[in-house]
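Have a look at the structure below, then the notes.
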Amino acid sequence: MKNGRIGICLIGAGRAGMIHANNFKNKVNGAYMAAVVDVVEDAAKAAAKELEITKYYTDYKDVLKDDEIDAVVVVSPTNLHKEIVINCANAGKHIFCEKPMAMDSQECEEMEAAAKKNNIKLQIGFMRRHDASFIQAKEVIDSGVIGDVVLIRSNTRGPSKPRPWMYDIKKSNGVLAELNSHDIDCVRWLAGSEIKSVYAIAGNYRNREVAEEYPDYYDSVVMSGVFENGVQYSIDGAAYVQYGYDAKVEVVGTKGVIHIGKENGSNYTVAAPESGISTPYINSWMTLFKDAYLAEDIGFAECIQNDTEPKVTGHDGKMAVKIVEIGNQSIAEKRIIEL
């Protein structure tokens with residue numbers, strides 16, 4: 001490490017990647033941005049300029065032999081995660097990998113094995129586990145205040161129109177992967193158990209113009225079932241809802257209930273003759289989970305510095321991917337699947 005600080009390289013300079021990079025730029029003690037990688041050179045240059053660094057690459061393999069880089073933040077397309085993570089692990093670089101961890105659970109196992117073999121940290125980007133409200137809810141659940149947990153309901157709905165590659169389920173794994181990975185990990189964490197059964201239904205309601213070319217594409221999904229410990233769960237996801245970014249969780253116990261999340265983007269309400277009563281809605285995950293992104297980046301640096309286990313491990317990432325696989329199978333086969 002340079003001057004006792006962790007040299008970080010961002011691989012993939014898109015929106016999510018730059019959130020992490022700007023955190024590591026000056027908000028994470030003991031870490032600094034050393035380089036950035038993007039296959040589009042103009043994007044790599046622009047990111048380096050924003051981050052006030054001079055080093056950028058268009059090929060992540062140049063990072064493997066760069067001794068200044070101690071750790072990488074992988075925010076590339078999901079189908080590239082396995083190759084990048086395994087090669088970086090073999091080069092001795094610690095790894096923060098955004099969700100979904102990989103395309104299937106077999107890829108996840110190979111990534112886990114590479115990390116273990118090379119004794120490097122592998123953290124997965126499920127930021128809700130680092131969000132103050134979710135952490136407090138978990139503590140309340142574990143304390144028994146609401147009694148025994150009966151049901152956990154979680155939803156993620158995004159306002160953006162899907163990018164063209166997302167319509168191909170073989171490339172994107174669908175809304176269950178792109179949006180509901182967070183919900184799957186969250187309900188598993190809050191329940192403290194593994195999912196036992198899965199039943200999912202889905203449909204294309206907002207993007208009918210692609211239905212003929214991509215008959216398997218769905219922009220809305222509901223998945224439900226039961227955990228091994230008897231807790232019931234229900235997850236719903238939707239893309240292109242247009243009204244805003246909507247992520248909420250409800251935990252129902254035998255004696256009480258917990259609600260996590262908010263819709264309002266501010267603490268004020270407008271009343272006018274033309275529009276009636278209105279409140280601005282949160283329009284982006286970048287707004288809702290801004291503090292959680294910083295907390296998980298700090299946590300990544302600390303697990304390297306202190307040689308501790310990441311809060312969200314490769315195993316956690318793999319289990320989310322596994323449930324996505326089974327959920328898509330349930331949609332296709334129209335049946336309940338027991339794990």
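A salt bridge links K55 to E68: one of the charged nitrogens lies within less than 4.0 Å of a carboxylate oxygen. Ionic pairing of E112 and K318 is present here: one or more N-O contacts between side-chain nitrogen and carboxylate oxygen are shorter than 4.0 angstrom.
Residue pairs meeting the ring pair (Phe, Tyr, Trp, His ring centres under 6.0 Å) criterion with at least one member in residues 219-238, sequence neighbours excluded: F227-Y233. Counting only residues at least two apart or on different chains, no ring pair (Phe, Tyr, Trp, His ring centres under 6.0 Å) pair has a member in residues 309-339. Identified under the ring pair (Phe, Tyr, Trp, His ring centres under 6.0 Å) test for residues 81-100, with sequence neighbours left out: H20-F96, F96-F300.
Applying the salt bridge (Lys or Arg N to Asp or Glu O under 4.0 Å) criterion to E194, with sequence neighbours excluded, gives R188. Considering only residues two or more places apart in sequence or on other chains, D307 meets the salt bridge (Lys or Arg N to Asp or Glu O under 4.0 Å) condition with K121. Residues meeting the side-chain contact (heavy atoms from CB on, under 4.5 Å) test with R335, sequence neighbours left out: Q329, E333, I337. Scored by the ring-ring contact (aromatic ring centres under 6.0 Å, His included) test, F126 finds H182 as partners (sequence neighbours excluded). Annotation: ring-ring contact (aromatic ring centres under 6.0 Å, His included) contacts of Y57 (sequence neighbours excluded): none. For S160, there are no side-chain contact (heavy atoms from CB on, under 4.5 Å) partners, not counting sequence neighbours. With sequence neighbours excluded, no residue forms a salt bridge (Lys or Arg N to Asp or Glu O under 4.0 Å) with E338.
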Show the atom names and distances, to 0.1 Å, of all donor-acceptor pairs under 3.5 Å that link a side chain in residues 134-142 to residues at least two apart or in another chain.
unit_1 : atom_1 : unit_2 : atom_2 : d
K138   : NZ     : W189   : O      : 2.9

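If you check the side chains of K161 and N207, you find a donor sitting under 3.5 Å from an acceptor. D183 and N180 share a side-chain donor-acceptor pair at under 3.5 Å.
Applying the 4.5 Å side-chain rule to ILVMFWY residues, one finds Y199, I201, I336 in the same cluster as V222.
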